[in-house]
Every structure is written in C-alpha cells, then in structure tokens.
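The residues of the chain are indexed from 1 along the displayed sequence. Below, all heavy atoms of this structure are taken into account, side chains as well, without hydrogens, waters or symmetry copies.
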Amino acid sequence: MNSYVERVLEIAKKRDGNQPEFLQALNEVLCSIEPVINTSDKYEKNGILERLIEPERVIMFRVPWVNDKGEVVVNRGYRVQYNSLIGPYKGGLRFHPSVNLSVMKFLGFEQIFKNALTGLPIGGAKGGSDFDPKGKSDNEVMRFCQSFMTELYRHIGQDVDVPAGDIGVGGREIGYLFGQYKRIKDAYEGGVLTGKDICYGGSLTRKEATGYGLMFFLREMLSHHNQTVAGKTVTISGSGNVAIYACQKAVSMGAKVVAMCDSNGCIYDKDGIDLDCIKDIKEVRRGRIKEYLECHPQAEYIEQRAGDSAPIWKIKTDIALPCATQNELTLEDAKVLVQNGVIAVAEGANMPTTLDATEYLQQHNILFAPAKAANAGGVATSAIEMSQNSMRYYYTFEEVESKLERIMINIFNACKAASDSIGQNGNYVAGANIAAFNKLANAMIAQGIV
Ligand code: NDP
Ligand code: 2IT
C-alpha cells in the first residue's frame, strides 16, 4: 500500500477507531485512489488526505420535545459540515434510531465526493437525529422538527449549508423544518432547504430524482456493456423515496420489478410489483409493506428475522438495486445473487454493499454502480432546486428531468474515463472515487492550506 495512504488510514483508525461506518467509507475511497496518489508527491506535500478526511465542523446538540402523552423526550441532533471547497455545505438529514456520529461522518464524507461528481457548486454535509418518526403522530413530528430547527437554524443558510431529506425525512418533515426556520429568521430564504413541496418553492422532479437518476446511470452502464434494462427482472430493497421512484423508472424502461421490502419483510410478486399499491401504503398510509397482501393475496411475504440476512437477495433476479440502508447487502448475499445469475448491482442507498461483497461482485464480473455516482441524481436535483429558488423562477418537470438525465450521463462518462485512466476498465468504484478526488484535490491546492 502507498505509504502516505497507509499513514492517513492509521491516523483515522487511531482517532476514530470506534466509528466503523466512517472507517469503512474512508477505506474504500483511500484504497481506490492509490493509483493517483502514486503519481505525485503534491498530495502529501499539501496534506490533501489529512485535510479531506477531517470535517470542517461537527455540530451536536440536544433536541428536547414533548410527546402526545405530555412526556419530555430528549434526542440528539447532528450536523457534520464536512467540506465547503466547491460550494455551500449540502446533504440530507436522516431521522432514524441508528443515527450516531459514525453514521453521520460516513454519510458526510461520501457526500463530498458525490456532490463533486454532479459538476454543480455544492460542498458536502450530512445531519440528522436518532429520533424515530415511525409511529409518531404528525403533531409529535412537527414538535420534534421545530425543536431540531431551533438549534440548527444558526448553522445553516442558503449560501452556508443547505440540508434536505434522507431516511425518515421527506416532504412532511422538510415542511415543518422550513416553517420553523422562516419563523425564526423572519425572512423567506427559499434555498435554505431542498426537497420542499412544490406549493412553496420545491422543484418538480426532486421527489423522483434519486430513483430516476439511479436508473439513468444503470441504463448507461448496461448500454456500455451491450445490455439493456428492458426485459430484465429487478429486485429493489426498501420501499421509501429512492426505491419507489427507481421502481417507477425501471418499469417505464421495460423492466419487471418483482420484489421490494421494508425493515420487517419482503414482498415477492412474480407478476410484477403494483407500485400504486406500494405508494398508497408508504406515501399515504405510512403503513408496512405486508399490507400489500391485502390487495394482492397471490403475492408472497417473507418476514425479515432479526439477525438474518435480508430475504430479498435470495430472490432470483437480473438486476439488484439496494435502496434501503448501509451494509444491507453482505458477502453472503452477494454469493447468492451471483449463483442466481445477477448481471448488475446498482446502489441507490448510501454504502449498502459491504466492502467484501463489492469485491466479490466485481471479481465475478458483475456490473457494479457505486452509490456516490449512481444515487447522485437526488442531490443534483436539489442543486437545481436551489438555482430555481435563486432565480425566483421554475422549470417544468420535463426540463428538470432532462437536466437530471444529462447530469447522470456525464457522471457515468466521468467514472468510465477515470477507471480507464488507471487501466481498470469497468471498475466504476475506482472511477467514481478518482473522478471526484481529482476535482477536489485541484480545488484544495488552488485554495491553499485552509
Ligand atoms: P426512506 O425513509 O424514504 O425509505 C427508507 C427505506 O429503507 C424504507 O423502506 C425503510 O424501511 C428501509 N430501511 C431503512 N433502514 C432500514 C434498515 N435498517 N433495515 C432495513 N430496511 C431499512 O429513505 P430514502 O428512500 O430517502 O433513503 C434510502 C437510502 O437512499 C438511504 O441510504 C439514503 O441515504 C439514500 N439516499 C437518499 C436520497 C434521497 O434523495 N432521499 C439521495 C441519495 C441517497 P422501514 O420503513 O421499515 O424503516
Ligand atoms: O444522500 C443524499 O445524497 C441525499 N440524501 C440527498 C441530499 C440532498 O441534499 O439532496
């Protein structure tokens, strides 16, 4: 291993040894950019890696709120403002009980590279809370969001840091957060949050963007290897924002989606998933995917048992789209997918595939689209939302979608060119990391030691 890369990984391990997700994300990136680090001592001389892995600022705060029973609950809030090299800090907010500093830092670190790949002027950040919106009333969610924003507002701004949604944060939460921000600031700063509803400054196509973008990237990757989406069987983990719109686009591209899941279990419908039914369960009723059986009793429901691997990866498929959460696709799952003849895996979620599973898939010549490239359509469309807010003007759905499509094609081409440049044709993990790193390193050198 390159001695500089090795030294920086050692520093991180020593400092943050108790942050496994963060170290996992660092490991993947630093190891795959080694061929670039080997070409020049300018990276070490400028302390590029030491500076890149350390967040510019980490904010942690108390979020007290009162539940419907009148009890006081205290959650923990986070915002990791990782890197502002090429634009205001930008990245989602996650509300999920599993949120901790390691998860926030891995997501923030990934976001720097993803945002650089979009070609748009956005830096990297992530935030959130260990608050669990599941089972909470709208009023509880509102009170929590208001309390969260009462601290967060002083750290964000449309030219400073622009949060958006992620797991557990969708249109409802963004609305409550925006309302409280506007009330505290007494000014209409439309671009301070993205993922807003269309009725008060949101962008058409933002809701669909991550899933659609994933399918555009996948289509480009397949077509480069003489394959198409049309006619393929697809399984998609999750049934949230990313999964639903990946499903919608996959079907419109001529694929058949046969399985989706949530954290309790998996639905297998060999006739093809009825997405209207999933949307009604998840977007309207906020229910469990098992309820799919009420309208489609012929479908199969496979329960997720605690500690077991995810049942969805045992279903035979041509294309697997992990769109739920980190480390949901393990080496054991990868082996089953390969055995069952999978041809491509494209990551809609952030870091859903473990490092050993990724390696296994690549070694078996499975086309692999890494998250920071393949799911960049969401944040790219957030940047398009920001630009519309600045212009005080709106694009049509078709205009935003065609910009998104162009961006995803550009990202694929950048990943391909970078993987070719190190003689690793088809290694889009290395391609994505290198394409983003080159841009970031150049900007860091240009801006001096800050
Ligand atoms: P949602 O909250 O809308 O949906 C998350 C889905 O994943 C739900 O079906 C949820 O099931 C499932 N899930 C979450 N955690 C777990 C878990 N621990 N085990 C099993 N299933 C789980 O989130 P999004 O769709 O927005 O986000 C999904 C992924 O995509 C995340 O990794 C996110 O970081 C990433 N992403 C999101 C973007 C966006 O624009 N929203 C952009 C780029 C990436 P359940 O309801 O049972 O918890
Ligand atoms: O992981 C991600 O890229 C997101 N959750 C979207 C972030 C954004 O700012 O739109």
Whether the side chain of [X] engages the backbone of [Y] through a donor-acceptor N/O pair (distance < 3.5 Å, no angle test) should be reported.
{"X": "Glu173", "Y": "Gly170", "value": "yes"}
{"X": "Asp262", "Y": "Ile289", "value": "yes"}
{"X": "Lys282", "Y": "Gly240", "value": "no"}
{"X": "Asp280", "Y": "Asp276", "value": "no"}
{"X": "Asn115", "Y": "Gly123", "value": "yes"}

Side chain to side chain contact (heavy atoms under 4.5 Å, CB included) evaluation trace for Asn375 with Val242: CA-CA 9 Å; Asn375 75 24; Val242 179; 5.7 Å; no
Evaluation steps, side-chain hydrogen bond (donor to acceptor under 3.5 Å, both in side chains), between Asn433 and Ser32: CA-CA 7 Å; Asn433 288 332; Ser32 71; 2.7 Å; yes
Just verifying a value: how many Å separate [X] [atom1] and [Y] [atom2], rounded to the nearest 0.5 Å?
{"X": "Thr317", "Y": "Ile312", "atom1": "OG1", "atom2": "CD1", "value": "8.5 Å"}
{"X": "Lys372", "Y": "Cys415", "atom1": "NZ", "atom2": "SG", "value": "9.5 Å"}
{"X": "Cys295", "Y": "Ile281", "atom1": "SG", "atom2": "CD1", "value": "5.5 Å"}
{"X": "Glu56", "Y": "Gln81", "atom1": "CD", "atom2": "CD", "value": "8.0 Å"}
{"X": "Met386", "Y": "Leu193", "atom1": "CE", "atom2": "CG", "value": "10.5 Å"}
{"X": "Cys31", "Y": "Leu26", "atom1": "SG", "atom2": "CG", "value": "10.0 Å"}

For a 4.5 angstrom cut-off between non-hydrogen side-chain atoms, does [X] reach [Y]?
{"X": "Asn100", "Y": "Asp130", "result": "no"}
{"X": "Met1", "Y": "Leu9", "result": "yes"}
{"X": "Leu101", "Y": "Tyr78", "result": "yes"}
{"X": "His224", "Y": "Leu367", "result": "no"}
{"X": "Ile37", "Y": "Leu49", "result": "yes"}
{"X": "His155", "Y": "Arg79", "result": "no"}
{"X": "His296", "Y": "Asp271", "result": "no"}
{"X": "Ile407", "Y": "Ile384", "result": "yes"}

Stepwise side chain to side chain contact (heavy atoms under 4.5 Å, CB included) check, Thr205 with Lys403: CA-CA 10 Å; Thr205 325; Lys403 288 178 200 296; over 6 Å; no
I'd like to check the salt bridge (charged side-chain N to carboxylate O under 4.0 Å, His left out) partners of [X]; sequence neighbours left out, ordered by chain and number.
{"X": "Glu21", "value": "none"}
{"X": "Asp333", "value": "none"}
{"X": "Asp269", "value": "none"}
{"X": "Glu291", "value": "Arg285"}

Qualifying residue, where the test is side chain to side chain donor-acceptor pair (under 3.5 Å) with Asn350 and the options are Glu110, Arg94, Lys114, Gln111: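 Answer to the side chain to side chain donor-acceptor pair (under 3.5 Å) test with Asn350 among Glu110, Arg94, Lys114, Gln111: Lys114.
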Results of side-chain hydrogen bond (donor to acceptor under 3.5 Å, both in side chains) for Tyr4 - residues two or more places apart only: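 side-chain hydrogen bond (donor to acceptor under 3.5 Å, both in side chains) list for Tyr4, sorted by chain: Glu50.
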side-chain hydrogen bond (donor to acceptor under 3.5 Å, both in side chains) partners for Lys136, two or more places apart: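 Result, side-chain hydrogen bond (donor to acceptor under 3.5 Å, both in side chains) vs Lys136: none returned.
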Parallel, tilted or perpendicular: ring planes of Tyr43 versus Phe437, cut at 30 and 60 degrees: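 Rings of Tyr43 and Phe437: tilted, as their planes differ by 30° to 60°.
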Candidate pair Phe144 and Phe95, rule ring pair (Phe, Tyr, Trp, His ring centres under 6.0 Å), full reasoning: CA-CA 11 Å; Phe144 173 81; Phe95 293 169; 5.1 Å; yes
Closest approach of [X] to [Y] (non-hydrogen atoms, all atoms of both residues):
{"X": "Trp313", "Y": "Val336", "result": "O-CG1, 3.8 Å"}
{"X": "Pro322", "Y": "Thr353", "result": "CG-OG1, 4.3 Å"}
{"X": "Gly128", "Y": "Phe148", "result": "O-CE1, 3.3 Å"}
{"X": "Cys145", "Y": "Tyr176", "result": "CB-CB, 3.6 Å"}
{"X": "Val192", "Y": "Pro163", "result": "O-CD, 3.3 Å"}
{"X": "Ile174", "Y": "Gly195", "result": "CG2-O, 3.8 Å"}

Gln304 and Cys261: CA distance, side-chain angles, deciding distance, side chain to side chain contact (heavy atoms under 4.5 Å, CB included) verdict: CA-CA 9 Å; Gln304 169 74 60; Cys261 68; over 6 Å; no
Residue pairs, two or more places apart or on separate chains, that pass salt bridge (Lys or Arg N to Asp or Glu O under 4.0 Å) and touch residues 344-368: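 Found none.
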Contact list for residues 314-325, test salt bridge (Lys or Arg N to Asp or Glu O under 4.0 Å), sequence neighbours left out: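 For residues 314-325, and leaving out neighbouring residues, there are no salt bridge (Lys or Arg N to Asp or Glu O under 4.0 Å) pairs at all.
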Mind checking what makes ring pair (Phe, Tyr, Trp, His ring centres under 6.0 Å) contact with [X], not counting sequence neighbours?
{"X": "Tyr212", "value": "none"}
{"X": "Phe113", "value": "Phe109"}
{"X": "Phe106", "value": "none"}

Glu401 and its salt bridge (Lys or Arg N to Asp or Glu O under 4.0 Å) partner, picked from Arg206, Arg406, Lys249, Lys207: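 Result for salt bridge (Lys or Arg N to Asp or Glu O under 4.0 Å) with Glu401: Lys249.
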Audit row: Tyr360, Ile366, side chain to side chain contact (heavy atoms under 4.5 Å, CB included) steps and yes/no: CA-CA 9 Å; Tyr360 184 87; Ile366 309 306; over 6 Å; no
Salt bridge Glu405-Arg219, side-chain N to carboxylate O under 4.0 Å: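 Looking at Glu405 and Arg219, the cut-off is met.
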Worked verdict on Tyr181 versus Glu189 for side-chain hydrogen bond (donor to acceptor under 3.5 Å, both in side chains): CA-CA 9 Å; Tyr181 181 85; Glu189 236 185 88; 2.9 Å; yes
Residue Lys439 excluded, over 12 heavy atoms near NZ under 6.0 Å: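 Atom NZ in Lys439 is packed in, count exceeds 12.
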Results of side chain to side chain contact (heavy atoms under 4.5 Å, CB included) for Ser390 - residues two or more places apart only: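 Checked Ser390 against side chain to side chain contact (heavy atoms under 4.5 Å, CB included); zero matches.
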